[in-house]
Visitor: 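I'd like to ask some things about the structure below.
Letters go in sequence order (proteins before strands), and every chain restarts at 1.
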Protein chains: 2
Amino acid sequence: MPHLDQLNHAIIEFYEKLSSWEHSVVKEIGVTLAHVHAVELLGIHGAMRMKELAMKMSVTTGTMTVQVDNMVKADLVRRRPHDTDRRSILVELTEKGQQIYQNHDALHHDLTQQITSGLDTTQQQALLNCLIQMNREF
Amino acid sequence: MPHLDQLNHAIIEFYEKLSSWEHSVVKEIGVTLAHVHAVELLGIHGAMRMKELAMKMSVTTGTMTVQVDNMVKADLVRRRPHDTDRRSILVELTEKGQQIYQNHDALHHDLTQQITSGLDTTQQQALLNCLIQMNREF
DNA sequence: TACATTACTTTGAAATTCAAACAAAGTAGG
DNA sequence: CCTACTTTGTTTGAATTTCAAAGTAATGTA
């Protein structure tokens with residue numbers, strides 16, 4: 001396996017570039033990176049408990065509480081009581097939050113189109129298969 | 001192109017998981033995420049000017065100055081005058097910084113091995129080609 | 001030489017984060 | 001039931017991080 005190193009390097013480089021892209025895109029709107037990240041998670045996975053969201057964002061629940069406070073003030077999300085567990089609170093996107101999610105997702109879509117433009121259909125399919133398999137192994 | 005959406009989602013999911021992994025790995029050592037990120041950049045790209053490092057980390061140069069101050073205190077990097085431009089200052093890894101970079105890189109290596117274990121050699125080669133092409137398009 | 005630009009640092013205020021303490025709700029064993 | 005323990009989310013206060021703006025020194029340009 002001589003190309004494992006190359007593969008590793010290519011993945012890291014790809015991650016770095018995605019990260020930079022995310023930063024630059026967020027700067028243009030008037031929203032925090034953390035807020036966009038939360039909106040993205042809620043848009044993809046749907047309403048979530050505080051704890052779940054905190055874990056997915058790798059912060060403590062205390063930090064999450066104040067972040068959600070800020071996001072509520074910015075009208076990005078709202079809190080909703082959990083159906084069966086009265087300790088838990090669900091966080092869900094507001095209409096404005098959903099709109100921001102969709103805008104952001106459209107940018108992601110454009111980026112994906114751009115960076116896969118150099119690949120033919122067969123390669124794109126192969127890449128998709130690889131990614132699906134890799135996401136499973138995580 | 002019906003699978004562009006799938007591709008987009010797979011990429012986002014992959015990025016999310018890498019991000020979580022990075023956080024969890026860093027927590028175990030006694031180093032900040034920002035510090036590890038800087039060490040990684042310096043390890044990959046070699047010594048860099050403050051401005052370059054700041055841009056790659058998506059922060060202002062002011063922030064970079066205090067971050068590098070902290071990293072110097074932690075013996076991760078050192079400052080070195082630039083050869084031709086006396087305004088510029090090069091940041092480079094210390095021995096300890098290099099060691100941390102290598103440890104971290106080894107973990108990345110293990111992760112790459114793990115998540116590509118479900119792929120055969122042909123797929124791995126295809127994936128590598130795709131990534132190289134995509135990194136070019138960025 | 002004079003003027004503008006670039007690179008970095010400093011500073012002070014604002015934002016973010018965490019750990020710890022707390023309250024309320026669920027769970028398990030006797 | 002009851003008691004003890006766990007889980008969930010909030011609050012608090014301190015520490016850290018961040019940025020924008022102002023300052024300094026070196027470089028480029030006209």
Visitor: Cut-off 3.5 Å, no hydrogens considered: what does the side-chain donor-acceptor table look like for residues 27-37 of chain B, sequence neighbours left out?
Guide:
from: B/H35; atom 1: NE2; to: B/Q67; atom 2: OE1; distance (Å): 3.4
from: B/H37; atom 1: NE2; to: A/E16; atom 2: OE1; distance (Å): 3.2

Visitor: Does A/H108 have any ring pair (Phe, Tyr, Trp, His ring centres under 6.0 Å) partners at least two apart in sequence or in another chain, and if so, which?
Guide: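 Ring pair (Phe, Tyr, Trp, His ring centres under 6.0 Å) check on A/H108 returns A/W21, A/H104.
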Visitor: Quick one: on DNA chain C, does B/R87 or A/S58 contact a more 5' nucleotide (nearest heavy atom)?
Guide: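 Its nearest nucleotide being more 5', the pick is B/R87.
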Visitor: Evaluate side chain to side chain contact (heavy atoms under 4.5 Å, CB included) for A/I89 paired with A/R80, printing each intermediate quantity in order.
Guide: CA-CA 6 Å; A/I89 287 183; A/R80 176 161 62 84; over 6 Å; no
Visitor: Kindly list each side-chain donor-acceptor pair under 3.5 angstrom involving residues 128-138 of chain A, sequence neighbours excluded, with atom names and distances?
Guide:
from: A/N129; atom 1: OD1; to: A/Q125; atom 2: NE2; distance (Å): 3.4
from: A/N129; atom 1: ND2; to: A/Q125; atom 2: O; distance (Å): 3.4
from: A/Q133; atom 1: NE2; to: A/E137; atom 2: OE2; distance (Å): 3.0
from: A/N135; atom 1: ND2; to: A/L131; atom 2: O; distance (Å): 3.3
from: A/N135; atom 1: ND2; to: B/A10; atom 2: O; distance (Å): 3.3

Visitor: Grab the two heavy atoms, one from A/L93 and one from A/Q98, that are nearest each other, plus how far apart they are.
Guide: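 Closest heavy-atom pair between A/L93 and A/Q98: CB-CG, 3.8 Å.
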Visitor: Enter the distance from A/D75:CG to A/I100:CD1 here, rounded to the nearest 0.5 Å.
Guide: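 Nearest 0.5 Å value for the CG-CD1 distance: 9.0 Å.
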Visitor: Under the side chain to side chain contact (heavy atoms under 4.5 Å, CB included) rule, what do B/E92 and B/L42 come out as? Steps first, then yes or no, please.
Guide: CA-CA 7 Å; B/E92 65 183 0; B/L42 293 171; over 6 Å; no
Visitor: Using a heavy-atom distance cut-off of less than 4.0 Å, which residues of residues 34-55 of chain A contact DNA chain D?
Guide: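 Close to the strand are A/R49, A/M50, A/K51.
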Visitor: Of all heavy-atom pairs between A/T63 and A/T60, which one has the smallest distance, and what is that distance?
Guide: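 Scanning both residues, the minimum pair turns out to be OG1-OG1, 3.1 Å.
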Visitor: How many angstroms lie between OG in A/S19 and CZ in A/F14, if you round to the nearest 0.5 Å?
Guide: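 Going from OG on A/S19 over to CZ on A/F14, the span is 12.0 Å.
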Visitor: For D/dT27, does OP1 or OP2 lie under 4.0 Å from any side-chain N or O of B/R86?
Guide: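 For D/dT27, OP1/OP2 do have a side-chain N/O of B/R86 under 4.0 Å.
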Visitor: Would you call B/E52 and B/K56 a salt bridge, taking side-chain N to carboxylate O under 4.0 Å as the test?
Guide: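 The answer is no: the pair does not qualify as a salt bridge.
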Visitor: Under 4.0 Å from any atom of DNA chain C, heavy atoms only: list the residues of residues 59-83 of chain B that qualify, in numerical order.
Guide: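 Those residues are B/T61, B/G62, B/T65, B/R79.
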Visitor: First and last nucleotide of DNA chain C touching chain A, 5' to 3', heavy-atom cut-off 4.0 Å?
Guide: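 Here the contact window of chain A covers C/dT16 to C/dG26.
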Visitor: Mapping A/S88 and A/K27 to their closest nucleotides on DNA chain D, which lands nearer the 5' end?
Guide: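 The residue whose closest nucleotide sits nearer the 5' end is A/S88.
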